Amino acid sequence: MKKFFLIILAIGLVTLSSCDDYLTETPKYSYTTDYAITNEPTAKNAVNGIYGEYEECTSLGGYIYGSLHCMAGFWDYVDEMYDMGYTQTSNNYVVSAIWQELYHVIDACNFAINGIEKVDDSKFPSLELKKEYIGEARGMRGYMNLQLLWFFGHWFDKADSPYGIIYRDQVSELSNLHLGRLSVGESYEKILDDLKYAEENAPDYSDAHHVNKQFAKAMHAKLLLVRGWDGDYAAALAIVNELLSDKASGWDMETDVSDLYENGWDSKENSFSHYLGDQEENYAIGYCEFIYAYALYYYDDFHETAIDWIENDARYPLTFGTAKAPQARDYTTKDNVMTKLYHRGRYYGLNDMYATYPMRYVELYLMKAELLARTNPSDIQGALAPINEMRALYVNPVLEPITGITTHDELMDAIYKEYVVTLFMENETPWFASLRFEHNGKPWIFTLKPEINISSNQYCWPIPDDEIKAHTNTVEQNPGLK
């Protein structure tokens, strides 16, 4: 079932330059010999180079979010992800590609950070501008390392757990590749150090093409919400309130839902996007978002609970619709295609406005509702208020307020439902929500996938086999995933 996806991906990985073996070959970019950061223009070029690398990484959007929705039980597209049967020896192409590409971007970040820090302050028009460049690069590095922890580490463990990330803060060379794993607590510290620096020093939001301080703050809050240690919910709530009160940056909600999806990476609602650029001259975008360019048309078997919620929501006509097949010689059309994300394929829509959405403005309202519900569970209407405030802002479509909620369990189900309907297939949030929210006394994932035997060890992916074998030192695999 669905083996075609893996065959196509395997072919794509062979042809795409960003999928070189990370440890077994000389690093792709010999930054230290081919290029030097000596002044402000070269510093700016180094930061821009991070986005060029990110754009080339073809697995850091839909492949991640589609896989996580399979794991949650929302989508039965890739059997191994739905069954959570991934192991080190299964050599999952998606898992390996995501691992490699995250480190490719981190390498570009480290080149920029370390190089800019060494340049004398006098080479910049101002010290603030120098810090902006470093803040932008550190914000991206923090985000990449957060994804590494979320997808390849025991993000759900206590601080002393040894299953954190392999942390790199130097440009990769063959002499410094063999590093061990940090603890989970140390991993969070490194990530938060970068995000906090970006919050203080990165530029304000101007568009979704670049890392900015608002994005860093939002990901900081999401980290705390997902982690859920003592004090995290209150701290996350303070950050979310600060972001919602900040009206000067221009990052704001699209009150017309169609504008969000039509404008893609230019939408003001996206704080940062996986910008793909103008791909009119080649087929890169079709492979880059294969899940959105192909699978959403041919594989639309979503969980009946989620589809029932979505179809009964007023946003449904603007997020699902009729679409043409993505293949060149397939002239069919289908109804009920997820047109909010479905890219028209490698032939019909190569230059469509499109993006994946790691953080939308509307998610702040959902996070605030959940954080209020967790920090003050007796105030049901107070926690529901941010969702209804968000719903009242829409002009297309007009959304009715959520009413009739009288118990805390009903409140949590309502917030979870809003997460799913609003952000379905767009980012990692519905996956984490399915682990964090409970229904009938268990996390929602057990309601969505009652037939699958699930343990917390399966909440992350295995470190790829090539990485484990290439190390001269021992790198411990995630428990249960050998």
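These values consider heavy atoms only, across backbone and side chains, with no hydrogens, waters or symmetry-generated copies. Everything quoted here is computed from the prediction, not taken from an experiment.
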Parallel under 30°, tilted from 30 to 60°, perpendicular over 60°: which one fits the rings of [X] and [Y]?
{"X": "Trp155", "Y": "Tyr459", "result": "parallel"}
{"X": "Tyr103", "Y": "Trp99", "result": "perpendicular"}
{"X": "Phe152", "Y": "Trp461", "result": "perpendicular"}
{"X": "Phe302", "Y": "Phe320", "result": "perpendicular"}

Side-chain touch [X]/[Y], heavy atoms, less than 4.5 angstrom:
{"X": "Asn336", "Y": "Asp300", "result": "no"}
{"X": "Tyr86", "Y": "Val78", "result": "no"}
{"X": "Glu370", "Y": "Tyr419", "result": "yes"}
{"X": "Thr305", "Y": "Val420", "result": "no"}
{"X": "Asn201", "Y": "Ile134", "result": "no"}
{"X": "Val257", "Y": "Asn396", "result": "no"}

| query | Does a side-chain N-to-carboxylate-O contact under 4.0 Å join Arg315 and Asp313? | reply |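 Result for this pair is yes, salt bridge flagged.
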| Between Arg360 and Glu269, is there a salt bridge with N-O shorter than 4.0 Å? |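 Result for this pair is yes, salt bridge flagged.
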Atom [atom1] of [X] with >12 non-hydrogen neighbours under 6.0 angstrom:
{"X": "Glu410", "atom1": "CD", "answer": "yes"}
{"X": "Asn473", "atom1": "CG", "answer": "yes"}
{"X": "Lys158", "atom1": "NZ", "answer": "no"}

| query | Is the closest side-chain donor-acceptor distance between Asn427 and Glu363 under 3.5 Å? | reply |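 Result is yes, a qualifying pair exists.
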| query | Is there a side chain to side chain contact (heavy atoms under 4.5 Å, CB included) between His439 and Asp409 once you walk through the steps? | reply | CA-CA 8 Å; His439 185 66; Asp409 286 345; over 6 Å; no
| Between CZ on residue Arg436 and CE on residue Met412, distance to nearest 0.5 Å |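 If I round to the nearest 0.5 Å, the distance is 8.5 Å.
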| query | If you measure from CG on Asp107 to CD1 on Ile50, what distance do you get to the nearest 0.5 Å? | reply |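 The CD1 atom of Ile50 is 10.5 Å from CG of Asp107, to the nearest 0.5 Å.
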| request: Decide salt bridge (Lys or Arg N to Asp or Glu O under 4.0 Å) for Lys340 and Glu426; before the verdict, give the C-alpha distance in whole Å, the side-chain angles of both, and the deciding distance to 0.1 Å. | output: CA-CA 9 Å; Lys340 73 170 185 175; Glu426 292 184 21; 2.8 Å; yes
Under 3.5 Å, side-chain donor or acceptor atoms of residues 378-385 against the rest of the protein: list the pairs with distances, not counting sequence neighbours.
from: Ser378; atom 1: OG; to: Asn376; atom 2: OD1; distance (Å): 3.3
from: Asp379; atom 1: OD1; to: Gly382; atom 2: N; distance (Å): 2.9
from: Gln381; atom 1: NE2; to: Ile405; atom 2: O; distance (Å): 3.1

Kindly say whether [Y] contributes a backbone atom to a donor-acceptor pair with the side chain of [X] at under 3.5 angstrom?
{"X": "Tyr298", "Y": "Ala325", "answer": "no"}
{"X": "Lys196", "Y": "His220", "answer": "no"}
{"X": "Asn478", "Y": "Leu481", "answer": "no"}

| Any ring-ring contact (aromatic ring centres under 6.0 Å, His included) pairs touching residues 181-203, not counting sequence neighbours? |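 Those involving residues 181-203 are Tyr188-Trp229.
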Aromatic ring proximity, centroids under 6.0 angstrom, [Y] and [X]:
{"X": "Phe424", "Y": "His69", "answer": "yes"}
{"X": "Tyr275", "Y": "Trp265", "answer": "yes"}
{"X": "Phe272", "Y": "Tyr54", "answer": "yes"}

| Tyr361 ring centre to Lys268 NZ or CZ under 6.0 Å, with the angle to the axis within 45°? |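 No, a cation-pi geometry is absent between Lys268 and Tyr361.
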| field | Closest contact, heavy atoms only, Trp150 versus Lys222 | value |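 Trp150 and Lys222 have their closest heavy atoms at CH2-CD, 3.6 Å.
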